[in-house]
**Q** 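Can you keep this structure in mind? I'll have questions shortly.
These numbers come from the heavy atoms of this one structure, side chains and all, not from hydrogens, waters or symmetry mates. As the structure lists them, so they are numbered: ligands from 1, and atoms in each ligand from 1.
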Amino acid sequence: MDPYLTVDRPLGVTYLDYNATAPLRAEALAAMVQVLETVGNASSQHAYGVEAANHVATARRRVADLLGCSAGELIFTAGATEANNLALHATYRGRRIVVGASEHPAILETAHACAPGNVVVAPVSRDGAVDTVAAAAALATGDVDVVSIMAANNETGVLSDLSAIVELAHAAGAVVHTDATQLVGKLPIDLGELDVDLLSLSAHKFGGPQGVGALFVRRSLRLAPRPLLHGGGHERGWRAGTANVAGIVGMGAAALEAKARCSLEAEHSRQLRDRLEKSLLAAVPGSSVNGSTRPRLPGVTSMTFADTPADAVLAAMPTVAASDGSACHSGALGPSHVLTAMGLSRTEAESTIRFSLGYATTEADVDHVIQAVPAAVAHVRNALRPVVKMSSRVNESRSILPMSNTSTDR
Ligand code: PMP
């Protein structure tokens, strides 16, 4: 890969948590700095305002280009959470909402808040795909307003068969929304072909800044805005508040790069992910990959290391930044709802680590993780192994302390 893709690792820690947030692309940073050094509210009529509005218009075209839609079909938001909220609130008409069991909380919780008692959760199968038979059964009653199924899962990377869902939903008169936060910028998408009605995305998952995203609303849907924030009528009445010009410009610059480099970067990620996965499967007894039988995002692997708590493994390898579930839930207790929906037991879910990598990941990063994980898993397993005390013959566990760094140092 090009040298510009090398990001600093100021903490000396290998970053494999792209699904939580990806490093800012150099082009996005440069474009944002340029805007931040000037003044201008995109709604002002004077020269500075016009300049800011031009920046926003350029970014809108760039994001539209990445998605294969027209610029007028995009509403800028403060991220995918807001886009998801807007989408469900605007399309729910008092009947039912169908969502997949492995959706992000930004959909699951929004659906329940928006349509209490009227949410149908379609199960996912062991391989992580939404059960289309169950979705079809829910749709057969003909009283569904909107179906929301994610394009790619944030924990496993499993891709949904959106074309099949669209066909089923449209035949039943329902609108289709997809949370494409994890797919946009990582795999090609063309809204000229994929007939979803609404789509959410977030800049920080493909090299733009955090706190900015967009909602695509297909023009032919003629959907009336249902703003969540009231005030000035920005974004064609969908969202009040001064446009985040620098953030939007950063997203536009990231979209331009992601579009130009999508296939190259996908191949880069896939090759590194496959090597990581294969090496860890060979090196760690009792390891398995969740969702591996389905088409997946190229840069993510969800690996279960049997009977080995993931939080202890991560604590035992402080030079690796990965996630024991979705970073959005960190701090919340309990196993990942995505993995349990796939049929993993609580213990299996809690023994699972998500490694997600991307455009700036290097071979050396992967080499490091391939070394660190088996040692950390062995350390935790060893610490948990019951020991027989010669004196009392009582079982106890050794304490799980972070191991010395020698074997995990780069
Ligand atoms: N949906 C999915 C699938 C996600 O992975 C995330 C972020 N983890 C979100 C929605 C929320 O995105 P944002 O941070 O832009 O609000």
Side-chain angles (χ1 to χ4, degrees), residues 15-24 28 63 66-67 74-89 99-114 124 128-130 148-160 162 165 177-187 189 196 198-216 228-229 239 241 244 247-248 250-251 254-255 258 291 296-302 321-332 336-339 341-342 354-358:
Y15 190 79
L16 290 200
D17 208 8
Y18 277 63
N19 280 20
T21 197
L24 192 66
V63 177
L66 177 65
L67 303 176
L74 291 175
I75 294 144
F76 286 134
T77 65
T81 301
E82 185 189 338
N84 286 344
N85 273 266
L86 280 174
L88 295 192
H89 280 278
V99 296
S102 59
E103 295 296 313
H104 190 273
I107 282 295
L108 289 175
E109 302 210 357
T110 305
H112 288 295
C114 189
V124 294
V130 174
S148 183
I149 302 292
M150 68 204 317
N153 185 267
N154 45 308
E155 295 191 31
T156 60
V158 168
L159 305 179
S160 297
L162 284 178
I165 310 260
H177 166 257
T178 186
D179 177 352
T181 305
Q182 292 292 350
L183 181 126
V184 169
K186 296 175 187 160
L187 285 177
I189 185 164
V196 296
L198 303 102
L199 175 147
S200 303
L201 65 142
S202 181
H204 72 108
K205 307 293 185 179
F206 59 91
Q210 297 174 351
V212 58
L215 176 66
F216 156 80
L228 299 167
L229 304 176
R239 177 180 211 268
N244 169 9
I248 289 168
M251 174 158 65
R296 284 182 295 161
L297 287 176
V300 57
T301 179
S302 163
S323 168
D324 59 348
S326 167
C328 297
H329 320 196
S330 59
S336 144
H337 75 280
V338 173
L339 300 174
M342 289 167 68
R354 175 188 72 185
F355 301 99
S356 50
L357 38 90

**Q** Specify the closest pair of heavy atoms between F206 and G185, including all atoms of both residues, with the distance to one decimal.
**A**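 Closest heavy-atom pair between F206 and G185: CB-CA, 4.0 Å.
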
**Q** Please list, chain by chain and in numerical order, all residues satisfying side chain to side chain donor-acceptor pair (under 3.5 Å) with T301, sequence neighbours excluded.
**A**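 Residues passing side chain to side chain donor-acceptor pair (under 3.5 Å) with T301: E277.
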
**Q** Identify, by atom number and element, the atoms of ligand 1 in contact range of S202, meaning under 4.0 Å from any of its heavy atoms.
**A**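 Those of ligand 1 that fall under 4.0 Å from S202 are 13 (P), 15 (O).
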
**Q** Under a 3.5 Å distance rule, please check whether Q182 uses its side chain to pair with a backbone N or O of G157 as donor and acceptor.
**A**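 Not at all, since once roles are kept as given, no pair shorter than 3.5 Å links the two residues.
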
**Q** Looking only at non-hydrogen atoms, which of T21, D179, T110, V212 approaches atom 10 (C) of ligand 1 most closely?
**A**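 Comparing heavy atoms across T21, D179, T110, V212, the nearest one to atom 10 (C) of ligand 1 lies in D179.
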
**Q** Give yes if a backbone or side-chain nitrogen or oxygen of A80 is under 3.5 Å from a nitrogen or oxygen of ligand 1, and no if not.
**A**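 Between A80 and ligand 1 (N or O atoms, distance only) the closest approach is under 3.5 Å.
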
**Q** Relative to the heavy atoms of M150, which atoms of ligand 1 are at a distance of less than 4.0 Å?
**A**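 Selected atoms, number and element: 3 (C).
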
**Q** For G79, counting its heavy atoms only, list the atoms of ligand 1 lying under 4.0 Å from any of them.
**A**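 Close to G79: 15 (O).
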
**Q** If the condition is salt bridge (Lys or Arg N to Asp or Glu O under 4.0 Å), which residues does E82 pass it with, not counting sequence neighbours?
**A**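 Partners of E82 by the salt bridge (Lys or Arg N to Asp or Glu O under 4.0 Å) criterion, ordered by chain and then number, come out as R239.
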
**Q** Given 3.5 Å as the limit, does a donor-acceptor pair link the side chain of K205 with the main chain of A20, or not?
**A**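 Flag set: sc K205 to bb A20 pair under 3.5 Å.
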
**Q** Looking at every heavy atom in both F355 and A322, which two are closest together, and how far apart are they?
**A**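 Heavy-atom minimum between the residues: CD2-CB, 3.8 Å.
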
**Q** Taking 4.0 Å as the limit for heavy-atom contacts, which would you say applies to E82 with ligand 1: side chain only, backbone only, both, or neither?
**A**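 E82 to ligand 1: no contact under 4.0 Å from either part.
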
**Q** With side chain to side chain donor-acceptor pair (under 3.5 Å) as the test, would you mind laying out the steps for D179 and N84 before giving the verdict?
**A** CA-CA 7 Å; D179 177 352; N84 286 344; 3.1 Å; yes

**Q** May I ask you to check whether K205 has an N/O atom sitting below 3.5 Å from an N/O atom of ligand 1?
**A**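 Yes, since at least one N or O of K205 sits under 3.5 Å from an N or O of ligand 1.
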
**Q** Which ligand 1 atoms does N154 reach within 4.0 Å, using its non-hydrogen atoms?
**A**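 Every atom of ligand 1 under 4.0 Å from some heavy atom of N154: 3 (C), 5 (O).
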
**Q** May I ask whether H204 places a heavy atom under 4.0 Å from ligand 1?
**A**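 For ligand 1, residue contact (heavy atoms, under 4.0 Å) with H204 is present.
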
**Q** Judging by distance only, is a nitrogen or oxygen of N84 under 3.5 angstrom from one on ligand 1?
**A**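 No, since none of the N or O atoms of N84 sits under 3.5 Å from an N or O of ligand 1.
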
